[in-house]
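In what follows, chains are A, B, ... by sequence order, proteins preceding strands, each numbered from 1.
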Amino acid sequence: MHIVVERRPEGIALTDDSGHQTLVSEGDFSRAVAVREAAAERPRWVWTDTAKWYPALLAAGVRIQRCHDLRLVDGLLCGIAGQVSHHEWGSAPRPALADTLFDFVAAPDAVTGLVVGEVWAQQRAAIAAHPAPLQLAVLAAAESAGALAAAEMQYAGVPWSADAHDALLTEALGPRPASGQRPAHLEALAAQFDALLGVGRVQIDSPPELVKALRRAGLEVSSTRSSELARVDHPAIEPLLRYKTLSRLHSSNGWHWLEEWVRHGRFRPTFIPGGVVTGRWASAGGGALQLPRQVRSAVQADEGWRLVVADAAQLEPRILAALSGDAAMAQAGRGADLYAGIVSSGAVATREQAKLGMLGAMYGATRGVSAQILPRLARSFPDALGFVERAARAGERGERVQTRLGRTSPWPTERVGDEAARGRFTRNFVVQGTAAEWALAWLAGVRNRLWNASAGSLTEQPHLVFFVHDELVVHAPLGRVGEVEQALHDAAADAARVVFGGTSVTFPVTVASVQRYSDAK
DNA sequence: AAGCCTAGCGCC
DNA sequence: AGGGCGCTAGGCTT
């Protein structure tokens with residue numbers, strides 16, 4: 001079922017696939033479709049799937065402040081129960097659920113007894129029955145708020161200068177070639193590589209052929225990975241590595257990408273809340289969460305606007321400090337740079353060691369420099385390191401682990417012999433997943449503050465345009481940059497309270513207001 | 001031709 | 001090195 005939403009002078013018109021039409025006022029629309037919580041002043045829309053319904057509403061100029069997304073909460077609850085959902089939320093939804101938005105509008109009196117009402121009641125009961133109902137309710141609300149923000153960000157789009165993008169491509173690759181042709185700079189590098197390697201023409205784009213050619217030239221390589229090639233001492237390697245970097249730019253974010261994904265000065269990726277098992281978002285279309293630094297100078301605010309770019313500093317180690325209640329690590333994080341604080345504590349000698357060691361602790365490093373540093377960190381921060389160790393042991397025993405707000409890791413696969421891998425996964429899950437919760441709370445807090453400060457069209461006000469795990473970008477009119485910066489700081493402080501219910505760990509965010517994304521850091 | 005897999009690399 | 005992703009190209013199978 002697809003519903004077309006149109007805003008008209010007399011109200012909001014909804015038309016379904018069969019041409020059946022309903023007309024409601026904006027106020028009635030909200031009241032009819034939303035299930036109003038008894039104690040809440042603001043209506044909360046309860047619907048099957050934000051990603052399915054909200055885009056049409058946004059296109060019609062309707063903004064929704066709060067919702068409960070049945071699909072996403074179903075995912076949370078099924079994850080906790082260790083089960084697979086019996087609902088069909090995908091492309092072929094169960095008719096009774098898929099049609100409910102329209103049913104609510106068409107029959108606003110019949111609130112009780114409708115399927116959406118039933119599923120919602122079941123979900124509320126399941127949350128209430130959970131050992132930590134308050135945390136889980138927060139998670140459900142945050143997940144749902146994220147879904148609203150995701151749809152709004154796609155609607156608004158990332159402001160993108162196609163001219164600047166084209167210019168940087170031309171600078172790096174040479175003029176745009178005819179379709180299917182290799183850009184001049186790539187052509188030159190490939191020729192240079194062939195000449196220096198001296199074994200004839202090499203199919204440089206084919207890893208197996210490339211390995212064979214390198215070995216023919218007497219180089220001991222087992223792959224074409226850049227990190228392995230970089231260790232090889234041969235004059236042909238430098239142009240090869242340069243070729244690989246530029247070829248990557250060309251194929252992943254070149255002219256073809258630009259034509260495919262940027263329209264009318266906006267890049268509109270689909271954000272997928274909860275798309276990753278840990279609760280992180282995924283994306284689809286244009287590789288939004290892998291936007292290379294190389295092209296970020298093409299992300300440019302509109303005339304008279306700014307990009308307010310905010311980044312949570314050392315989010316994951318701070319999350320670990322709060323999760324574990326490690327007072328020494330909380331102390332190390334009192335300043336703007338937690339890694340510098342670890343150095344000041346005397347645990348390690350350099351910031352690089354602090355960073356490497358903490359990443360190793362959270363990812364489960366077993367070898368190399370990172371693993372060597374671990375014992376020293378464990379002496380200085382036994383609670384933090386003990387916390388991830390316990391999560392790892394649980395995973396190795398085949399158990400599941402939880403984030404702070406209750407998102408639960410999946411049951412491990414049956415394969416024998418992968419205990420160590422399971423331990424690394426659960427070790428990281430608790431930190432990455434709780435960091436995702438903090439970021440979601442931050443995002444929702446920023447969104448609420450922007451909402452409360454604005455009326456009217458979404459894109460005429462300061463609005464979120466981009467979110468990558470621990471970083472937010474708001475597109476804001478020049479005159480409102482100050483309040484947006486404040487909102488980003490305030491929401492970060494709130495997020496710590498929302499997720500941890502109070503912690504001595506601080507979560508500083510760096511904020512930069514810039515014309516181009518690339519100028520943010 | 002379409003779908004799946006792997007290698008490799010971009011991001012956090 | 002070690003966690004989580006998406007995407008592209010090449011190369012395979014169907």
(request) Check the side chains of A/Y517 and A/Q300 for a donor-acceptor pair under 3.5 angstrom, ignoring hydrogens and angles. (result) no
(message) Expressed as a whole number of angstroms, how long is the span from A/L374:CG to C/dA1:C1'?
(response) 11 Å
(message) From NZ of A/K355 over to P of C/dA1, roughly how many Å is that when rounded to an integer?
(response) 16 Å
(message) Rounded to whole Å, how long is the line connecting atom CD of A/E352 with atom P of C/dA1?
(response) 14 Å
(message) Can you tell me if A/R225 touches the phosphate of B/dG8, counting only side-chain N or O atoms and a distance under 4.0 Å to OP1 or OP2?
(response) yes
(message) Measure CZ/A/R422 against P/C/dG2 and give the value in whole Å, please.
(response) 18 Å
(message) Rounded to whole Å, please give me the gap between CZ in A/R296 and P in B/dG10.
(response) 13 Å
(request) Verify whether one side chain among A/Q515 and A/R306 offers a donor that lies under 3.5 Å from an acceptor in the other. (result) yes
(message) How many whole angstroms separate atom CD of A/E389 from atom P of C/dG2?
(response) 15 Å
(request) Among the candidates C/dG3, B/dC12, B/dG10, find the nucleotide nearest to the side-chain atoms of A/D470. (result) B/dC12
(message) Using whole Å, what does the distance between atom P of nucleotide C/dA1 and atom CD of A/Q353 come to?
(response) 17 Å
(request) Give a yes/no on whether any side-chain N or O of A/T245 is located under 4.0 angstrom from OP1 or OP2 of B/dC9. (result) no
(request) Indicate, with a heavy-atom threshold strictly under 4.0 Å, whether A/L315 touches base, sugar-phosphate, or nothing. (result) nothing
(request) Answer with base, sugar-phosphate or nothing: what part of the nucleic acid does A/R427 contact at a heavy-atom distance below 4.0 Å? (result) nothing
(request) Remember a base hit wins even if backbone is also touched, and classify A/R367 as base, sugar-phosphate or nothing at under 4.0 Å, heavy atoms. (result) base
(request) Show your reasoning for whether side chain to side chain contact (heavy atoms under 4.5 Å, CB included) applies to A/R427 and A/E389. (result) CA-CA 7 Å; A/R427 170 197 292 271; A/E389 282 303 319; 3.0 Å; yes
(message) Generate the contact string for nucleotides 4-14 of chain C. Rules: B means base contact, S means sugar-phosphate contact only, - means no protein heavy atom under 4.0 Å.
(response) BBBBSSSS---
(message) Between A/D69 and A/Y54, is there a side-chain donor-acceptor contact under 3.5 Å, judged purely by atom types and distance?
(response) no
(message) With the stacking rule set at 5.5 Å and 30°, tell me whether A/Y363 counts as stacking on C/dG3.
(response) yes
(request) Would you please classify the geometry between the A/W160 ring and the A/F267 ring as parallel, tilted or perpendicular, with 30° and 60° separating the classes? (result) perpendicular
(message) With a 6.0 Å cut-off on the ring centroids, do A/W281 and A/H469 count as close?
(response) no
(request) May I ask you to say whether A/E316 pairs ionically with A/R280, meaning some side-chain N is under 4.0 Å from a carboxylate O? (result) yes
(request) May I ask you to verify if any side-chain N or O of A/K244 is less than 4.0 angstrom from the OP1 or OP2 atom of B/dG8? (result) no
(message) Less than 4.0 angstrom between a side-chain N/O of A/T224 and OP1 or OP2 of B/dG8, yes or no?
(response) yes
(request) May I have the distance from A/E471 (atom CD) to B/dC11 (atom P), rounded to whole angstrom? (result) 12 Å
